[in-house]
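Notes to accompany the following structure.
Basis for what follows: all heavy atoms, side chains included, without hydrogens, waters or symmetry-related copies. One is the number of the first residue; the rest follow in order along the sequence. All values derive from a computational prediction rather than experimental measurement.
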Amino acid sequence: MDNKFIRVDEVAQELSVSKPYAYKLIKKLNDELKEQGFITIAGRVNRQYFEERLYGAGEKQGKEMD
């Protein structure tokens with residue numbers, strides 16, 4: 001089963017950052033989600049939201065070709 005949450009270890013490895021920085025990033029993303037009315041879990045963040053905020057998943061990148 002594909003896990004819907006990404007944990008601090010995975011965030012740190014994915015971004016090549018320290019665990020303390022990964023915790024700060026997860027807290028920031030969870031704070032954003034809380035403002036939108038979502039329930040969050042400390043130390044982990046929704047994987048889809050993480051990818052959208054960091055990589056722009058679902059958004060058009062660059063210029064469109066005519």
Side-chain angles (χ1 to χ4, degrees):
M1 177 194 260
D2 191 22
N3 196 346
K4 295 193 184 297
F5 292 92
I6 186 168
R7 294 176 180 239
V8 69
D9 293 331
E10 289 180 82
V11 171
Q13 183 177 0
E14 176 86 17
L15 302 176
S16 298
V17 297
S18 66
K19 282 187 183 181
Y21 186 79
Y23 274 113
K24 287 180 185 179
L25 183 58
I26 288 173
K27 180 172 180 355
K28 177 178 173 31
L29 295 174
N30 277 337
D31 287 346
E32 292 174 5
L33 287 168
K34 282 181 188 176
E35 286 180 14
Q36 297 175 34
F38 291 97
I39 297 171
T40 61
I41 302 170
R44 51 185 94 174
V45 68
N46 179 279
R47 186 177 302 273
Q48 180 180 352
Y49 189 71
F50 170 81
E51 291 173 359
E52 286 174 3
R53 291 288 286 127
L54 267 70
Y55 305 120
E59 295 180 13
K60 294 182 180 179
Q61 300 290 317
K63 290 186 173 182
E64 289 185 32
M65 295 181 66
D66 293 330

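- For K24, the side chain to side chain donor-acceptor pair (under 3.5 Å) test picks out no residue, with sequence neighbours left out.
- Atom CG of L54 and atom CG of L29 lie 6.5 Å apart (nearest 0.5 Å).
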Next on the checklist: Does V45 form a side chain to side chain contact (heavy atoms under 4.5 Å, CB included) with L33? I'd like the steps, not just the answer.
Outcome noted: CA-CA 9 Å; V45 68; L33 287 168; 4.1 Å; yes

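- Counting side-chain heavy-atom gaps under 4.5 Å among Ile, Leu, Val, Met, Phe, Trp and Tyr, the cluster of I41 also holds F5.
- Shown here are the side chain to side chain contact (heavy atoms under 4.5 Å, CB included) partners of K19, two or more places apart in sequence or in another chain: D9, A12.
- With sequence neighbours excluded, the residues that form a side chain to side chain donor-acceptor pair (under 3.5 Å) with K28 are E32.
- Side-chain contact between K4 and Q48: absent, with no pair of heavy atoms (C-beta onward) separated by less than 4.5 Å.
- Put simply, the side chain of R44 reaches to within 4.5 Å of the side chain of R7, judged on heavy atoms.
- Contacts of V11 classified as side chain to side chain contact (heavy atoms under 4.5 Å, CB included), with partners at least two apart in sequence or in another chain: I6, L15, A22, L25, I26, F50.
- Residues meeting the side chain to side chain contact (heavy atoms under 4.5 Å, CB included) test with S16, sequence neighbours left out: none.
- Residue N46 holds its CG atom at 9.0 Å from CG of N30, rounded to the nearest 0.5 Å.
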